[in-house]
> 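Take a look at the following structure, please.
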Amino acid sequence: MAQQSPIQALQQQRLLLQMEYQTEKETYRQQTEAMGMGRKVKRGDAWFPVRIGRTYYNSINQLVIEIFRTQDQEIEHNFEFGKRVQFSSLRTNQSPGQTVSDKKEKAKVKSIAGPPSPIGKWHGESGIISLVDGDRMVISISEELVMAVQSAEGQVAVEMAFDETSYQTMFAALDRTIQAKNNRLAYLRDLFYSKQTVKRFSFDPIRFPWLNPTQERAVNEVLWAKDVEVIHGPPGTGKTTTLVEAIGETLMREPQVLVCAQSNMAVDWISEKLVDRGVNVLRIGNPTRVNDKMLGFTYERRFEAHPDYPQLWAIRRNIRELRKSRKGHDRDFHQKFDRLKSRATEIEIRINDELFAEARVIACTLIGSANRLLEGQKFGTLFIDEAAQALEAACWIPIRRVSRVILAGDHCQLPPTVKSIAALKAGLGKTLMERVVENKPECVTLLQVQYRMRDEIMRFSSDYFYDGKVETAPQIRNRGILDLDIPISWMDTSEIEVGADESSFQEQFVGESFGRVNKGEAELTLAVLQDYFTKIGRQRILDEQIDVGVISPYRAQVQWLRRLVRQRAFFKPYRHLVTVNTVDGFQGQERDIIIISMVRSNDDGQIGFLRDLRRMNVAITRAKMKLIILGNAETLCRHPFYRKLYDYIHGLQNIENH
């Protein structure tokens, strides 16, 4: 088959992205029509009922409304900066403080409320989240919608709207890249899709005695690269440390760099590390972890702190008052209005120019790099962290602003999320980082020393995913919690006898989205953790703050486990030390102890998306000292990967026992 040209390959990407867009839009429409409000709340896609707070103009002159969640505060929600939301009202017979009961919540909300009535002139008029802080959300919104929300009858719900903007931004980026001619964007496009040799600077390597040899090499490779470089960071190998060092060194040679990542959380994480080094970071878009340190380097906070801001605020207030007091065809009105408007624009441009001139690093998500604030800005270098989790289309959004690209991530961990199975099979899940790794192996530096896990925990992942090249740093090779403890164990639920009054270890479907849950395995997971905690001893756990991650690949199981943890009196003193989440929720994190509930247990050996081994690589590499897997070996071990993992763990146990 003839090799596709870069343009043909990108045109195919666009078609696949179109398929994904249609799939997601259709899924959203079906869920919106079929799903009761109670179910949306449980999935974290809605807040209901909400309390309406104040409305005001924020520092960048957007009208915003404050919303407070009044119930179900323990449910983790999916609202974050930049996402679109819509309002609806539900007429209920409940008193405002009464909770929608857990067991019958879905039926009850439907019968009490009828279908939600959209608030706004037409269905789906929406606002955009400008801040989420715990149970408080600030949404930028039109004046008409504010009035409609404030005068709504019944209780108000806020729910996720379909995110049209991200897709339109990605389509525009692909179109621009496809059409590029005789410029840097066209050059990088053709380079990434071919075996063409990359250009490099040549100077002596710089020594970084505080880094290990592969980290030191990675930083030097970044400095030598004229076009592209990849830092491949397996779990625990200090990818962020290396990246921060590379950004610091690049800033010795360039006035300013652009730093992007797929998620807000990853942008926050790297921004925080740069701020700790004294780098002036300007964060475009709001952080997910809202603390003073993070807010301090956001564009909005810097804008408000500028000495000219009070003057600008006064002019804007005058403009609003002038609008309100306008009478008929007032000639003076237009003159005054135009004069104030141009004065405000002048101050705004000046503040903006100063903020951008001072900043050494501009940090935002990939989608956020399309922000109007960056219009016309050019940078020497773009650093993309978490590059293996981003759709290729998203990476092309910031690439148009730069001369060279540094990608950091690990294509053996979590892939991008793709909902359309057809688009996934046809290659939408293949990232730009994977493409560069494939076409330009000479541009890839693998970080080879990990500092997170005891050696036995890392060894399997190193052998299976990284050709055995990742080694454990000597100082943590044998660290553990208990003496003579086996660092990894697999509890096989197929070998456990079930009593008459106990839950069986069979998977079940729950809810309309067919989430999978294994209640017997969930009970056993907590029993195993309780037993291990008892061996360590309460005082030591609290003194040393020994923390635990309970992971399940299935969201329904995660919610079931969270409920059990809340119900058990034993875990009350330790609740701040126990996190229960999906694999995706643990990306980039680590815990002293990790317990994984695998859920799948059936006679056909069906394991669904557990076949995505990159997910499993993330799950088994979060543990520093102890990893416990619970799962039905008969079901799972029909897959060669799980058979290998099971045999590896049993091999370790046999060594320890002799």
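This is a predicted model, so every value here is computed, not measured. Computation of the quantities below employed the complete heavy-atom set of this structure, encompassing side-chain atoms and omitting hydrogens, waters and symmetry-equivalent molecules.
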> Take the angle between the ring planes of Y299 and F356 and call it parallel below 30°, perpendicular above 60°, tilted in between.
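Rings of Y299 and F356: tilted, as their planes differ by 30° to 60°.
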
> Salt bridge or not for R350 and D308, using N-O below 4.0 Å?
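Salt bridge between R350 and D308, a charged N being under 4.0 Å from a carboxylate O: yes.
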
> Would you say R562's side chain and N581's backbone share a donor-acceptor pair under 3.5 angstrom?
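Side chain of R562 to backbone of N581: no pair is present.
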
> So, T70 side chain and P49 main chain: donor-acceptor pair closer than 3.5 Å or not?
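Yes, because the side chain of T70 sits within donor-acceptor range (under 3.5 Å) of the backbone of P49.
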
> Would you check if there is a donor-acceptor pair between the side chains of N280 and R302 at a distance under 3.5 Å?
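Distance-only check passes for R302 and N280.
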
> With sequence neighbours left out, which residue pairs that include part of residues 360-385 fulfil the ring pair (Phe, Tyr, Trp, His ring centres under 6.0 Å) condition?
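Listed by first then second residue: nothing to list.
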
> Knowing that exactly one of V228, V222, I399 qualifies, which makes a side chain to side chain contact (heavy atoms under 4.5 Å, CB included) with R404?
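Checked V228, V222, I399 against R404; only one passes side chain to side chain contact (heavy atoms under 4.5 Å, CB included): V222.
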
> Verify the ring-centre separation between W313 and Y57: is it less than 6.0 angstrom?
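No, the ring centres sit 6.0 Å or more apart.
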
> Do the rings of W396 and F192 sit parallel, tilted or perpendicular, given the 30° and 60° boundaries?
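Rings of W396 and F192: tilted, 30 to 60°.
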
> Q256 side chain to A359 main-chain N or O, any donor-acceptor pair under 3.5 Å?
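Answer holds: yes.
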
> Would you say the side-chain atoms of T381 and E254 include a donor-acceptor pair closer than 3.5 Å?
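A donor-acceptor contact under 3.5 Å links the two side chains.
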
> When you check the gap from the basic side-chain N to the acidic O, do K42 and D72 get nearer than 4.0 Å?
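D72 and K42: not salt-bridged.
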
> Under 4.0 Å between a Lys/Arg side-chain N and an Asp/Glu carboxylate O for R29 and E26?
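Yes.
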
> Among residues at least two apart in sequence or on other chains, which ones pass salt bridge (Lys or Arg N to Asp or Glu O under 4.0 Å) with R360?
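Here no residue qualifies.
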
> In Å and rounded to the nearest 0.5 Å, what is the CZ to CD1 distance from R54 to I52?
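Rounded to the nearest 0.5 Å, the CZ-CD1 separation comes to 14.0 Å.
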
> Parallel, tilted or perpendicular for F162 and Y28, by the 30°/60° rule?
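F162 vs Y28 ring planes: tilted.
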
> Among side-chain atoms of Q86 and R84, is any donor-acceptor pair under 3.5 angstrom?
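Result is no, nothing qualifies.
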
> Does E321 CD have over 12 foreign heavy atoms under 6.0 Å away?
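Yes - once you tally the heavy atoms of other residues, nucleotides and ligands closer than 6.0 Å, there are more than 12.
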
> Does D353 CG have over 12 foreign heavy atoms under 6.0 Å away?
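More than 12 heavy atoms, drawn from other residues, nucleotides or ligands, come within 6.0 Å of this atom.
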
> Can you sort out the partners of R184 under side-chain contact (heavy atoms from CB on, under 4.5 Å), two or more places apart, ordered by chain and number?
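Partners of R184 under the side-chain contact (heavy atoms from CB on, under 4.5 Å) test: Y187, L188, D227, S403.
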
> Side chains of N318 and R323: any donor to acceptor distance under 3.5 Å?
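Distance-only check fails for R323 and N318.
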
> Do the side chain of E80 and the main chain of M265 share a donor and acceptor less than 3.5 angstrom apart?
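Not a single qualifying donor-acceptor pair exists.
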
> Hydrogens and angles aside, do Q389 and Q587 bring a side-chain donor and acceptor to less than 3.5 Å of each other?
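Looking only at side-chain atoms, Q587 and Q389 do form a donor-acceptor pair, the distance falling under 3.5 Å.
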
> Just jot down the salt bridge (Lys or Arg N to Asp or Glu O under 4.0 Å) partners of E590, sequence neighbours excluded, or say none.
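Salt bridge (Lys or Arg N to Asp or Glu O under 4.0 Å) check on E590 returns R452, K624.
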
> Is a side-chain donor-acceptor pair under 3.5 Å present for T177 with R400?
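Judged by distance alone, the side chains do not pair up.
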
> Whether E164 and K25 form a salt bridge (side-chain N of Lys/Arg under 4.0 Å from carboxylate O of Asp/Glu) is what I want to check.
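The answer is yes: the pair qualifies as a salt bridge.
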
> Given 3.5 Å as the limit, does a donor-acceptor pair link the side chain of R14 with the main chain of L10, or not?
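No; zero donor-acceptor contacts below 3.5 Å.
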
> Which of these, V267, D268, L274, sits in a side chain to side chain contact (heavy atoms under 4.5 Å, CB included) with S271?
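One option only clears the test, and that one is V267.
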
> For residues 336-345, please give each side-chain donor-acceptor pair under 3.5 Å, one per line with the distance, not counting sequence neighbours.
from, atom 1, to, atom 2, distance (Å)
S342, OG, D338, O, 3.2
S342, OG, R339, O, 3.1
R343, NH1, E346, OE2, 3.1
T345, OG1, K341, O, 2.8

> Checking the side chain of Q589 only, and the main-chain atoms of G585 only, is there a donor and an acceptor separated by less than 3.5 Å?
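The answer is yes, because a donor-acceptor pair under 3.5 Å joins these two groups.
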
> Salt bridge check, R277 against E245: does any charged N sit closer than 4.0 Å to a carboxylate O?
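Answer for the salt bridge query: yes.
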
> Using a strict cut-off of less than 4.0 Å between a Lys/Arg side-chain nitrogen and an Asp/Glu carboxylate oxygen, indicate whether D45 and R39 qualify as a salt bridge.
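No, this pair does not count.
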
> If the condition is side-chain contact (heavy atoms from CB on, under 4.5 Å), which residues does F68 pass it with, not counting sequence neighbours?
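Only R51, E66, R136 meet the side-chain contact (heavy atoms from CB on, under 4.5 Å) criterion with F68.
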
